[in-house]
Amino acid sequence: MAVPISQMWTVATYVMKKKLAGNKRYPLVLMLEPLFRCNLACAGCGKVQYPPHILKKQLTPEECFAAVEECGVPMVSLPGGEPLLHPQIVEIVNGLVARKKYIYLCTNALELKRRLPEFTPSKYLTFSVHLDGDREHHDFSVCREGGYDIAVEGIKEAVKRGFRVTTNATFFDGTDPNSVRGFFDEVMDMGVEGIVLSPGYSYDKAPDQNRFMGRARVRRLFRAILSNRKPTWKFNMSPLFLEFLMGDRKYECTPWGSPAFNIFGWQRPCYLLQDGYAESFQELIETTKWEEYGAASGNPKCANCMVSCGYEPTAVMDGFGSLKGFWGMVKGSFSMYRDQHALKLLNEPAPHGPATLVQIAEPARSANPSLEETHA
Ligand code: SF4
Ligand code: SF4
């Protein structure tokens with residue numbers, strides 16, 4: 001695992017304190033969406049299809065700080081939309097660093113190189129760069145030719161300036177595991193701290209509905225990708241979550257582990273679904289019908305979900321909440337997961353040919369005229 005010891009210690013002591021206090025539902029990482037607008041329009045995205053008047057809105061820094069303090073998490077993920085399009089993103093980041101929160105600023109990196117001088121390297125700040133595979137696959141996935149090269153330039157510059165950098169990939173049906181393994185080599189050569197990955201969630205709003213996988217397909221794909229690892233590969237994720245993706249562990253979803261806050265309020269029940277909003281974190285925890293979510297609930301919206309925001313908190317709480325879990329995490333951090341059967345999977349043809357490119361309308365750049373410049 002590539003996560004620094006100080007961060008692991010912070011999370012471990014946080015989980016143990018919650019456990020000793022008998023707290024059954026507590027958050028680990030806040031998914032803080034400061035805005036929904038973006039300078040890309042990826043085919044699998046469930047966020048940028050909002051109407052222009054919604055895409056114009058954004059959280060203020062004060063609203064961001066209040067949400068973080070209200071739920072008390074040790075880690076904050078800043079997805080979106082594209083957070084670097086928020087005019088006060090530097091103020092938001094600096095305020096969270098001052099509060100000693102470990103932040104993952106998720107970015108497609110189109111603006112990263114240009115904006116880097118405004119940020120200060122810190123152990124609390126990581127740029128989590130959206131990169132969905134090698135050049136061909138990434139550009140296809142984000143529906144933007146040249147997107148990979150721009151992102152890589154941003155990554156290299158950020159590494160050079162001493163920032164923590166991870167890459168963040170979402171994989172869909174038709175993914176070639178061999179190409180992903182080659183991509184891991186490329187990414188590690190760029191000097192990043194580690195790789196983050198997840199299967200895609202089948203958003204109702206995503207324009208391409210043919211790219212999502214069922215659970216059996218997810219396990220097969222990740223077994224092929226993550227078995228027989230190279231020692232150079234580092235993952236910025238719980239090894240137990242990766243074992244879950246490979247089909248070696250059975251976990252239930254912990255939707256309250258990654259609560260989502262955005263311009264509408266506290267989203268029920270998770271980052272992916274929108275079954276209404278609560279006005280406060282306490283109201284979210286106390287009034288959400290949690291038993292109606294997760295694969296075991298029979299809710300069809302959860303049936304095929306194995307996404308990190310729901311299942312990685314389960315893995316982290318397992319890893320830091322019991323000796324057995326902790327031992328599994330230690331073993332997983334050093335194992336190469338040798339598996340002959342998985343080697344054979346690498347020689348099989350991909351289940352489908354590559355999906356056709358989905359061209360969708362550009363996101364509402366006019367929501368903020370200054371964005372036009374960023375795409376010129
Ligand atoms: S980079 Fe792609 S997936 Fe991320 S918010 Fe923008 S359009 Fe959506
Ligand atoms: S299973 Fe997935 S969609 Fe359902 S609550 Fe959990 S994270 Fe959300």
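Note that ligands are numbered from 1 as they come in the structure, with each ligand's atoms numbered from 1 the same way. We use all heavy atoms of the structure for the numbers below, so side chains are in, but hydrogens, waters and symmetry mates are not.
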Backbone or side-chain N/O/S of Cys270 under 2.8 Å of atom 8 (Fe) of ligand 2: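 Checking Cys270: at least one N, O or S atom is under 2.8 Å.
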Glu243 and Tyr337 side chains, donor-acceptor separation under 3.5 Å: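 Present: a donor and an acceptor within the cut-off.
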Short side-chain donor-acceptor distance under 3.5 Å, Glu82 and Thr107: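 There is such a pair (donor and acceptor under 3.5 Å, judged by atom type) between the side chains of Thr107 and Glu82.
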I'd like to know if [X] and [Y] make a salt bridge, using a cut-off of under 4.0 Å between side-chain N and carboxylate O.
X: Asp318; Y: Lys324; answer: no
X: Lys230; Y: Asp185; answer: yes
X: Arg135; Y: Glu186; answer: no
X: Arg223; Y: Asp248; answer: yes

Centroid-centroid distance, Phe235 to Phe184, less than 6.0 Å: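 Yes - the distance between ring centres of Phe235 and Phe184 falls below the 6.0 Å cut-off.
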Aromatic centroids of Phe127 and Tyr104 separated by under 6.0 Å: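 No: the rings miss the under 6.0 Å criterion.
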Atom 8 (Fe) of ligand 1 neighbourhood, protein N/O/S only, threshold under 2.8 Å: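 The answer, once waters are left aside, is Cys45 SG.
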What are the atoms of ligand 2, with element, lying closer than 4.0 Å to any heavy atom of [X]?
X: Leu273; answer: 3 (S)
X: Tyr201; answer: 3 (S)
X: Cys305; answer: 1 (S), 2 (Fe), 3 (S), 7 (S)
X: Cys253; answer: 1 (S), 5 (S), 6 (Fe), 7 (S)
X: Tyr293; answer: 5 (S)

Within one Ile-Leu-Val-Met-Phe-Trp-Tyr cluster: Met246 and Val196, side-chain cutoff 4.5 Å: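 Same cluster: Met246 reaches Val196 through Ile, Leu, Val, Met, Phe, Trp or Tyr contacts under 4.5 Å.
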ILVMFWY network linking Tyr251 to Leu242, side-chain heavy atoms under 4.5 angstrom: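 Per the 4.5 Å side-chain linkage, Tyr251 and Leu242 are co-clustered.
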Tyr271 to ligand 2, any heavy atom closer than 4.0 Å: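 The answer is no: ligand 2 sits nowhere under 4.0 Å from a heavy atom of Tyr271.
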Protein heavy atom at shortest distance from atom 4 (Fe) of ligand 2: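 Heavy-atom neighbour on the protein nearest atom 4 (Fe) of ligand 2: Cys302 SG, 2.4 Å.
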